[in-house]
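Report on the following structure.
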Amino acid sequence: MKLLEELEQLFVTPALATNRKVVVRTAPSPTGNLHIGTARLALFNYLFARKHGGKIILRIEDTDTTRSKKEFEDDILESLRWLSLSHDEFYRQSERGSVYQKHLLRLIKEKKAYLSREPSQSNPAVEIEVVRLRNQNRIISFEDEIRGTISFDTMELGDFVIARSLSDALYHFAVVVDDVEMGVTHVIRGDDHISNTPRHILIQEALGAPRPVYAHIPLVLAPDHSKLSKRHGATAIREYREQGFLPEALINYLALLGWNPGTTQELFTLSELIKEFDLSQVHKSGAIFDIEKLRWFNREYLRRLPPAEALALIGNALPEAIKALPHFSEERLQKVAPLLIERIAVFSDIAKLVKEEELQYFFERPAVAPEDLAWKDTNAATIAEHLQYLCEKLGDIPEKMFTQDTVREAIFGYATEKGRGAVLWPMRYALSGKKQSPDPFVLSGIFGKEETIARLTAASATIAK
RNA sequence: GGCCCCGUCGUCUAACGGUUAGGACGCCGCUCUUUCAAGGCGGCAAUACGGGUUCGACUCCCGUCGGGGUCACCA
């Protein structure tokens with residue numbers, strides 16, 4: 001036991017000096033659109049590097065040519081850009097075959113690896129010559145920034161395969177060679193790589209390279225505690241983008257998933273995150289992705305959006321059917337926008353409102369059901385009387401002065417005197433045709449004098465029948 | 001199954017030997033109000049379990065249970 005530990009000490013390569021410039025990498029495989037979990041890892045790498053004035057390498061790990069697709073690479077790049085997660089250098093592993101080969105050859109020459117002729121696993125009929133690493137079968141331990149010391153017995157790994165052939169390096173080898181060649185100082189990746197780490201260290205030591213600092217971040221989990229996958233709903237950043245989530249909200253939410261600044265602050269801009277971020281505050285256990293909290297963040301950012309920007313985004317999310325309605329206009333939409341913002345968390349919620357017919361009445365005269373016009377047991381004659389009065393009273397307001405405030409001023413006394421419910425409910429219902437809607441003053445302000453009076457008159461006519 | 005990692009409200013988390021175990025999301029209630037939304041106020045709700053160590057454990061140690069990861073010529 002003791003001997004084993006001493007033996008181990010002999011082989012331990014010191015971690016990279018901390019005074020070296022920080023170099024991190026985010027290394028997605030283009031086998032799917034940018035995943036929420038990958039984006040979060042990219043974010044952690046980004047925050048760490050930017051905080052320490054380091055360099056960020058984006059490396060596309062496409063050594064598996066059958067599963068890798070250009071369209072996924074495009075999506076990854078585009079999604080990262082959308083999230084504002086920039087990088088400083090870009091590589092594709094598929095373009096680095098000669099680099100891997102060079103190191104493979106060297107290792108073989110130094111007898112640290114060897115060629116082995118054996119039947120192909122995919123096609124046992126043919127023999128191929130794979131490259132295996134000479135494993136010294138010892139205990140590897142490393143310091144993980146998140147978990148502390150982790151030890152593995154690498155015995156059961158055996159002389160594992162590092163390349164399918166001299167010109168076809170496998171993932172583990174490519175990763176280690178790249179990290180070495182690119183001068184990566186901090187490997188910040190998902191904790192599903194913990195058990196790959198001893199293998200990487202073995203390769204690294206064979207290469208005679210220094211050991212980077214490892215930080216294994218716990219994974220993002222689905223509500224059922226399993227790995228977040230498609231059956232749990234949207235997993236790609238693109239889908240959230242398409243649903244109308246704001247990148248700032250996504251960033252903020254993802255940052256707080258497994259990390260916190262140790263204060264109760266929850267809303268952070270990217271640059272605040274850079275300032276606050278610290279690997280030592282990263283949690284050890286996996287965090288469940290909670291769409292409700294993401295929606296809350298999104299709403300917070302939605303409300304902070306400059307009005308012009310919000311308006312443009314609402315315009316994008318608004319179905320064509322609404323834009324085709326008779327009273328639709330940009331001016332009208334501009335007035336409705338603040339109401340909308342108050343009622344949605346994500347832009348895709350607009351489609352839901354439309355489906356529930358919560359928006360139509362802003363842009364076309366609503367159908368009014370006489371039986372719904374009455375507040376409690378107010379009788380028809382009284383309602384008609386109130387509506388009549390409202391029309392007259394509002395008619396006295398000059399068109400230019402017709403706003404939610406002047407309308408309120410004009411009729412609030414009357415409403416208070418006659419019973420607010422008895423006056424205001426029919427007024428609001430007449431304007432919206434809905435049992436639930438914004439208040440009648442706000443609606444009047446949106447519709448303007450002519451349309452407001454027209455709707456009140458129409459409702460009044462309905463009740464007269 | 002072997003190996004590795006993890007375990008505070010339903011969820012994200014604070015507390016790093018001494019707190020009535022705090023905050024946020026969600027949920028519920030109240031309030032504002034003609035209705036809805038938003039807002040304000042409040043409530044429900046957790047240290048997985050069992051042993052130690054200690055004057056004192058969410059915090060340290062051991063075990064149990066539970067969860068996750070990984071065991072490729074995928075990444």
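Residue numbers start from 1 in every chain, and the chains themselves are labelled A, B, ... in the order their sequence lines are given, proteins ahead of strands.
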d([atom1], [X]; [atom2], [N]) in whole Å:
X        : N     : atom1 : atom2 : answer
A:Arg428 : B:C36 : CZ    : C1'   : 7 Å
A:Arg295 : B:A37 : CZ    : C1'   : 14 Å
A:Ile291 : B:C25 : CD1   : P     : 16 Å
A:Tyr361 : B:A37 : OH    : C1'   : 10 Å
A:Asp372 : B:U34 : CG    : C1'   : 14 Å
A:Gln436 : B:C36 : CD    : P     : 6 Å
A:Ile139 : B:C4  : CD1   : C1'   : 13 Å
A:Leu221 : B:C5  : CG    : P     : 18 Å

Between [N] and [M], how many Å separate the two [atom1] atoms, rounded to a whole number?
N     : M     : atom1 : value
B:U8  : B:C3  : P     : 24 Å
B:C6  : B:C62 : P     : 12 Å
B:C71 : B:G26 : P     : 39 Å
B:C60 : B:A15 : P     : 12 Å
B:C4  : B:A21 : C1'   : 31 Å
B:A48 : B:U54 : P     : 23 Å
B:A57 : B:G18 : P     : 11 Å
B:U64 : B:G29 : C1'   : 41 Å

Given [options], which nucleotide is nearest the side-chain atoms of [X]?
X        : options             : value
A:Lys227 : B:U34, B:G69, B:A14 : B:G69
A:Arg343 : B:A37, B:C73, B:G39 : B:A37
A:Trp425 : B:C73, B:U34, B:G69 : B:U34
A:Asp192 : B:A38, B:C4, B:U70  : B:U70
A:Glu292 : B:U34, B:G26, B:C73 : B:G26
A:Thr264 : B:G23, B:A14, B:U34 : B:G23
A:Glu342 : B:C5, B:C73, B:A37  : B:A37
A:Trp375 : B:C36, B:U34, B:C5  : B:U34

NA contact type, [X], heavy-atom cut-off 4.0 Å: base, sugar-phosphate, or nothing?
X        : result
A:Thr263 : nothing
A:Arg67  : base
A:Pro198 : nothing
A:Gln121 : base
A:Asp439 : base

Quiz item: Tell me, which of residues 158-175 of chain A have any heavy atom that sits under 4.0 Å from an atom in RNA chain B?
Solution: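 Going residue by residue through residues 158-175 of chain A, the ones with a heavy atom under 4.0 Å of RNA chain B turn out to be A:Val161, A:Arg164, A:Leu170, A:Tyr171, A:His172.
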Exercise. Starting from the 5' end of RNA chain B, give me the residue, A:Glu156 or A:Leu294, whose nearest nucleotide shows up first.
Key: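 Closer to the 5' end of RNA chain B: A:Glu156.
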Exercise. Take A:Pro119 and A:Arg40, find for each the nucleotide of RNA chain B with the closest heavy atom, and name the residue whose nucleotide sits nearer the 5' end.
Key: A:Arg40
Practice problem: Could you please spell out the steps behind the side chain to side chain contact (heavy atoms under 4.5 Å, CB included) verdict for A:Ile291 and A:Leu294? | Solution: CA-CA 5 Å; A:Ile291 187 74; A:Leu294 206 212; 4.0 Å; yes
Practice problem: Apply ring pair (Phe, Tyr, Trp, His ring centres under 6.0 Å) to the pair A:Phe44 and A:Phe277, showing each step before the final yes or no. | Solution: CA-CA 8 Å; A:Phe44 283 15; A:Phe277 188 76; 5.3 Å; yes
Which class fits the ring pair [X] and [Y]: parallel under 30°, tilted 30 to 60°, perpendicular over 60°?
X        : Y        : value
A:Tyr214 : A:Phe142 : perpendicular
A:Trp425 : A:Trp375 : tilted
A:Phe362 : A:Phe447 : tilted
A:Phe441 : A:Phe412 : tilted
A:Phe289 : A:Tyr253 : perpendicular
A:Phe90  : A:His87  : tilted

With a 3.5 Å limit on both atom pairs, tell me what [N] is paired to, counting Watson-Crick and G-U wobble, or say none.
N     : value
B:C25 : B:G10
B:U70 : B:G2
B:U35 : none

Quiz item: Counting just side-chain N and O atoms, does A:Asn196 come under 4.0 Å of either OP1 or OP2 of B:U70?
Solution: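 For A:Asn196, the contact criterion (side-chain N or O under 4.0 Å from OP1 or OP2 of B:U70) is not met.
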Practice problem: Return no unless some side-chain N or O of A:Arg299 is found under 4.0 Å from OP1 or OP2 of B:A24. | Solution: no
Quiz item: Should the pair A:Arg25-A:Asp178 be classified as a salt bridge under the 4.0 Å nitrogen-to-oxygen rule?
Solution: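 Not counted as a salt bridge, because no side-chain N and carboxylate O are separated by less than 4.0 Å.
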Quiz prompt | Ion pair check, A:Glu205 and A:Arg138, cut-off under 4.0 Å | solution = yes
Quiz item: When you measure from the side chain of A:Ser348 to the backbone N and O of A:Gln243, does any donor-acceptor pair fall under 3.5 Å?
Solution: yes
Quiz item: Distance-only, no hydrogens or angles: does the A:Asn252 side chain make a donor-acceptor pair with backbone N or O of A:Glu266 under 3.5 Å?
Solution: yes
Quiz prompt | Side chain A:Arg147 and base B:C5 donor-acceptor under 3.5 Å | solution = no
Quiz item: Could you run down nucleotides 7-12 of chain B 5' to 3' and tag each one B, S or - for protein heavy-atom contact under 4.0 Å?
Solution: S---SS
Quiz prompt | Crowding at NZ, A:Lys284 (>12 non-hydrogen neighbours, <6.0 Å) | solution =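 Incorrect, the count does not exceed 12.
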